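The structure under discussion appears below in the form of structure tokens.
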2 protein chains.
Amino acid sequence: MIDRQHLHILHAIAHTGTLTEAASELCLTQSALSHAIKKLEQQFAIKVWNKSGRRVQLTQSGELLLSFAKRVLPQFEHVETQLQQIAKGERGTLRIGMECHPCYQWLLTVIKPYIQQYPDIDVDVRQQFQFSALGALLEFDIDLIITPDPLHHEQIDYQPVFDYEHVLAVSAHAKLADRAFVEPMDLRDETLITYPVEQSRLDIFSRFLTPVGGSVKRHKIIETTEIMLHMVAANRGVAALPRWLVNQYAPVIPIKAVSLGEHGIQKSIYLGTRKHGDNPPFLQAFTSLAKAR
Amino acid sequence: MIDRQHLHILHAIAHTGTLTEAASELCLTQSALSHAIKKLEQQFAIKVWNKSGRRVQLTQSGELLLSFAKRVLPQFEHVETQLQQIAKGERGTLRIGMECHPCYQWLLTVIKPYIQQYPDIDVDVRQQFQFSALGALLEFDIDLIITPDPLHHEQIDYQPVFDYEHVLAVSAHAKLADRAFVEPMDLRDETLITYPVEQSRLDIFSRFLTPVGGSVKRHKIIETTEIMLHMVAANRGVAALPRWLVNQYAPVIPIKAVSLGEHGIQKSIYLGTRKHGDNPPFLQAFTSLAKAR
DNA sequence: TAATTCGATGAATTTAATTCATTGTTTAAT
DNA sequence: ATTAAACAATGAATTAAATTCATCGAATTA
């Protein structure tokens, strides 16, 4: 079997002309090279070089191997450089799984400075795991999940990175728009618009309506934030969303944020990572940057 | 150092999914793969895979190595195939050194059937060694010399492949044109045109003039056959050349062949090869074909 | 002609690769 | 819930391979 070492030997021979010099270049003895190539020659029943005087002269097989060596050895070196960059955290792909729709807006504000600071790190945001990113994290398909609902798991480490209030988005012209906050009973005759998530993971149910036996008139599912907000603005329903998100759209879409209950629903965005495994350095860098923000 | 074996391991892992299966594919134990990659990991301070359940999941480093393996392993296999072809004599370059100008004409008639019979053998005819091909043969720069002058050498084996008569080419209108043969004395007042070779290697001197103390009026050096023949036709001199060569040009250039001496000078074209060394099988095939012709 | 340089080679040695035997997990089956 | 089977990791033992050492012979240089 042709081995990388054989290629190194051929290469060294080619530009020194003698075994002895080539050997010292490779920090080996002349004997080692001679034996190594002899073995290759026996394996393939070829000659790699011929003695010509007291130098060596490559045969056709030797020239073939040499040209292969010149082509392929730099590729090995390149891959090794890349591995070293990965080891030093200078290169890699940060694979992020998103589990919440509105988190994306927040994520952008973190990614922007991150990619400037780490130009050789590819950032790969995957939204297809929207509702089951945990499994993907455990399967090493992603390295980080961003979620407002830190489902407890033995091997996952969560860290809060951003606090916000979960509020009710209502049309600026709705009768609830002037209220300082709403009570569960106020939603009895409203249409509630939510993302397509199981009800137990929607805070407006689990932390607002369900505890006091409240309910809504209708429950409508919408996937995209923008359409959801336009529906709200048109007074076709209300939606529970982060306050910062509602405020961000308020100047362009006539909507208003109203607290859910007297004290509001306090939430956080969490970053989830595997406790064990090979978390690369640039992942730590990302979480640090996210927390500092 | 990344080794070819590491790439084989990565490749096997990738399409089996488990160390155990990959190991049996490579005719090794699971332990061997584990140790081999562990060493690589330590060397580069990386992780190549992570355990995910009881399978194994490649990391980014692992994927990098895998894609490299997929790219480079086929190249190794290709080169090995080429080496085997060389070993079996199915592939190679027949490097021929020409030592005589007129031999080229003869060579063409041999090469034509040869390249049809051996389509994977490149034929490389080098004329730059015209007057010192022997050294090139001993230095392994060529594998075969074609020469009418088999300079004896311990390590060179000569075989005659083509007999011909060395004749004097004269203008069709010259007074010597009607002679059955010329004597050395007839050249006393002639201009002799030869190739630029040392005089001792010119048969007209060594086998015709010098033995009887003959000489010529002038000795002119010309490198190319065509010009030489035109000079002869214009009666500007005479030249010693193979009869078949003169006859070949006679229909288009007004020249005539006259024997040198009553019995003529009989010559042969020889093929010279190294007695020892790595003479490839297709070289033997060439000499056989040349002799059969 | 002698001294030097170089590659080849067999034997000895060192180094590296591989296996063996075992452990701890994970998954599937009972 | 328990057990059994499948799997990867690991340290120690073993085997295989690479490398060196010590010479030799051939080629070149002084």
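Chain identifiers are assigned alphabetically (A, B, ...) following the order of the sequence lines, protein sequences preceding nucleic acid strands; residue numbering begins at 1 within each chain. Predicted model, so just to flag it, every value in this text is computed and none were measured.
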Quiz item: With a 4.0 Å cut-off on heavy atoms, is B/L28 in touch with a base, just the backbone sugar-phosphate, or nothing at all?
Solution: sugar-phosphate

Exercise. Give B/T18 one of three labels, base, sugar-phosphate or nothing, depending on what nucleic acid heavy atoms sit under 4.0 Å from its own.
Key: sugar-phosphate

Looking at [N], I'd like to know if its phosphate oxygens (OP1 or OP2) sit under 4.0 Å from a side-chain N or O belonging to [X].
X	N	value
B/T29	C/dT18	no
B/S34	D/dA9	yes
B/W49	D/dC7	no
A/T20	C/dG7	yes

Quiz prompt | Residue among B/Q60, B/E41, B/E63 satisfying side chain to side chain contact (heavy atoms under 4.5 Å, CB included) with B/V48 | solution =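 Among the candidates, only B/E41 passes.
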
Taking atom types as they are modelled, would you say the side chain of [X] forms a donor-acceptor pair with the base of [N] within the 3.5 Å cutoff?
X	N	result
B/Q30	D/dA9	yes
A/S31	C/dT9	yes
A/H35	C/dG7	no
A/R54	D/dA26	no

Quiz item: Does B/D122 pair with B/R91 as a salt bridge, N-O distance under 4.0 Å?
Solution: no

